[in-house]
Amino acid sequence: MPVSANGTFLIDSAMKSMIWERAKGEMRALIEVQGSYSSSDREPKGESKWEKLQEAVETFISEVEDNGLHE
């Protein structure tokens, strides 16, 4: 729960956390939909479009969280 050092609930931090978690869920849902029908959508090197999307999304999420950009 987002709480300041003196124990005060921080509504802005709570709202940002909620929005960030929802955004991650939406991006991951896109990956699942893409993966559900693109098994034949292979690039020449054998990597599918949804696998590339998954890698990009997870890299983005890690970058944002590792750098505290979502806070």
(message) Are more than 12 heavy atoms, taken from residues, nucleotides or ligands other than Met18, located less than 6.0 Å from that residue's CE atom?
(response) yes
(request) Report the distance from atom CD of Gln54 to atom OG of Ser48, rounding to the nearest 0.5 Å. (result) 9.0 Å
(request) Measure the CE-CG distance between Met15 and Leu10 for me, rounded to the nearest 0.5 Å. (result) 13.5 Å
(request) Kindly write out the residues that satisfy salt bridge (charged side-chain N to carboxylate O under 4.0 Å, His left out) with Glu71, not counting sequence neighbours, or none if the list is empty. (result) none
(message) So Gln34 and Lys49, do their side chains get closer than 4.5 Å, heavy atoms only?
(response) yes
(request) Please report the closest heavy-atom contact between Leu69 and Glu63, naming both atoms and the distance. (result) CD1-O, 4.4 Å
(request) Scan for salt bridge (charged side-chain N to carboxylate O under 4.0 Å, His left out) pairs involving residues 24-36, sequence neighbours excluded, and state none if there are none. (result) Glu21-Lys24, Lys24-Glu65, Arg28-Glu58
(request) Only counting residues at least two apart or in another chain, list the ones meeting side chain to side chain contact (heavy atoms under 4.5 Å, CB included) with Ala14. (result) Pro2, Phe9
(request) Quick one: list whatever passes salt bridge (charged side-chain N to carboxylate O under 4.0 Å, His left out) with Glu55, sequence neighbours left out. (result) none
(request) Supply the atom-to-atom distance Thr59 OG1 to Asp66 CG, rounded to the nearest 0.5 angstrom. (result) 10.5 Å
(message) So, using side chain to side chain donor-acceptor pair (under 3.5 Å) as the criterion, who are the partners of Asn6 when residues are at least two apart?
(response) Ser4, Thr8
(request) With side-chain contact (heavy atoms from CB on, under 4.5 Å) as the test, would you mind laying out the steps for Val64 and Trp20 before giving the verdict? (result) CA-CA 10 Å; Val64 170; Trp20 175 243; 3.5 Å; yes
